[in-house]
Amino acid sequence: MNPYLSVSDEVREAVAHSRPVVALESTIISHGMPYPQNVQTALSVEKTVRDAGAVPATIAILGGRLSVGISAEQIEFLGKKGLAVYKASRRDLPVLLSRGADGATTVATTMIAAQMAGVRVFATGGIGGVHRGAETTMDISADLEELAQTDVTVVCAGAKSILDLGLTLEYLETKGVPVIGYGTDELPAFYCRQSGFGVDYRMDTPAEIAAAMHAKAEAGLKGGMLVANPIPEAYAMPEDRMTDCINRAIAIANANGVRGKSITPFLLDQIKQLTDGKSLEANIQLVLSNARLGAEIARALCVLTC
Ligand code: PSU
Ligand code: MN
């Protein structure tokens, strides 16, 4: 037994009986949205997963343990603390665990904990990737390296154009990560349904995605898969308006010298202000939609593995 892993009874039992489970991250709670919408969203995401027939497993680092399946009170704690909670990616784990500290898990660390607990599907909003200007800043999210090595399928709404989407796709190709468009040939751009960049494969049913996951596992191929699910039509934002907002947000970040792990939360907040809060509503809706799809994939996977 891993002394740094703590799995809730509900999640442990579901995994032991091969029932569907969906992992959920906590950086989106503490750093991705303001309080109290962050807590409300995290709780409705869990409910959405349940209503779709799977067990939600929200993941965070609490008291130096990778905790899989945290409580509503713990979600409230992380949401209230907001940016004061440590944003924990892979490189932060040894120190946070040894110090008995708390941390909000990014996509990378959520994947690590999910794999340790035997959870195969993870739903979130957006992943980190290759940032615009990475040819000089070298800012490339550890999420991409995690997808290369950790066997968890991540359901997202594509990536925001605060990233260089073309370079992000190239990086994923180099690392051998399949990028699947759910009902689309194009990589969605988070707030918008299209980006102009193609995905590797289009799939139209959760069963097709589960079949690819199953084949990968049976063949002994390591690494994750990325499923990109476009934001529901009713909540999609106009592309030209978003491009303009994102460019303005990046200019503000550059003028203020914002770098490293602070850049994504900073840009999210700027974009929210520049869109009068509309980007936040879009963000909430796309996460709910990904949670539903994650649950359907987890259920389809159980049909294959049971
Ligand atoms: N994109 C979002 N919202 C988020 C994040 C990304 O739209 O909250 C978070 C995720 O937790 C992701 C992390 O894993 O930011 C990536 O951070 P970095 O680029 O510093 O690795
Ligand atoms: Mn970074």
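Being a predicted model, the structure only gives us computed values, none of them experimental. Ligands are counted one by one from 1 in listed order, and the atoms in each one are counted from 1 as well.
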Under-4.0 Å salt bridge between Asp164 and Arg132: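 Here Asp164 does not pair with Arg132 in a salt bridge, since their nearest N and O are not under 4.0 Å apart.
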Is any side-chain N of the basic residue among Arg50 and Glu10 closer than 4.0 Å to the acidic one's carboxylate O?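 Glu10 and Arg50: salt-bridged.
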Which N, O or S atoms belonging to the protein are less than 2.8 Å from the Mn ion (ligand 2)?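 Listed by chain and number, the nearby protein N, O or S atoms are Asp139 OD1.
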Regarding Asn254 and Arg259, is there a side-chain donor-to-acceptor distance under 3.5 Å anywhere? no
CG of Asn229 to CE of Met203: how many Å apart, nearest 0.5 Å?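 These two atoms lie 14.0 Å from each other.
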Which distance, rounded to the nearest 0.5 Å, do you find between the NZ of Lys160 and the NE2 of His131?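 It is 9.0 Å, given to the nearest 0.5 Å.
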Looking at Tyr191, does the NZ or CZ of Lys278 lie under 6.0 angstrom from its six-membered ring centre and within 45 degrees of the ring axis?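 Because its charged atom misses either the 6.0 Å distance or the 45° angle limit, Lys278 does not stack over Tyr191.
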Is there a path of hydrophobic side-chain contacts, each under 4.5 Å between heavy atoms of I, L, V, M, F, W or Y residues, that connects Leu62 with Leu97?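 Not linked; separate clusters.
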Please tabulate, one line per pair, the protein nitrogen or oxygen atoms found under 3.5 angstrom from a nitrogen or oxygen of ligand 1, with distances to 0.1 Å, or say none if there are no such pairs.
| residue | atom | partner | partner atom | Å |
| --- | --- | --- | --- | --- |
| ligand 1 | 1 (N) | Lys160 | NZ | 3.4 |
| ligand 1 | 7 (O) | Lys160 | NZ | 2.3 |
| ligand 1 | 11 (O) | Glu25 | OE1 | 2.6 |
| ligand 1 | 11 (O) | Glu25 | OE2 | 3.4 |
| ligand 1 | 14 (O) | Val107 | N | 2.8 |
| ligand 1 | 14 (O) | Asp143 | OD1 | 3.3 |
| ligand 1 | 14 (O) | Asp143 | OD2 | 2.6 |
| ligand 1 | 17 (O) | Lys87 | NZ | 3.1 |
| ligand 1 | 20 (O) | Lys87 | NZ | 2.9 |
| ligand 1 | 21 (O) | Ser141 | OG | 2.7 |

Salt bridge (Lys or Arg N to Asp or Glu O under 4.0 Å) partners of Asp276, counting only residues at least two apart: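 Asp276 satisfies salt bridge (Lys or Arg N to Asp or Glu O under 4.0 Å) with no other residue.
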Hits for side chain to side chain donor-acceptor pair (under 3.5 Å) against Ser195, two or more places apart or cross-chain, chain-then-number order -> none
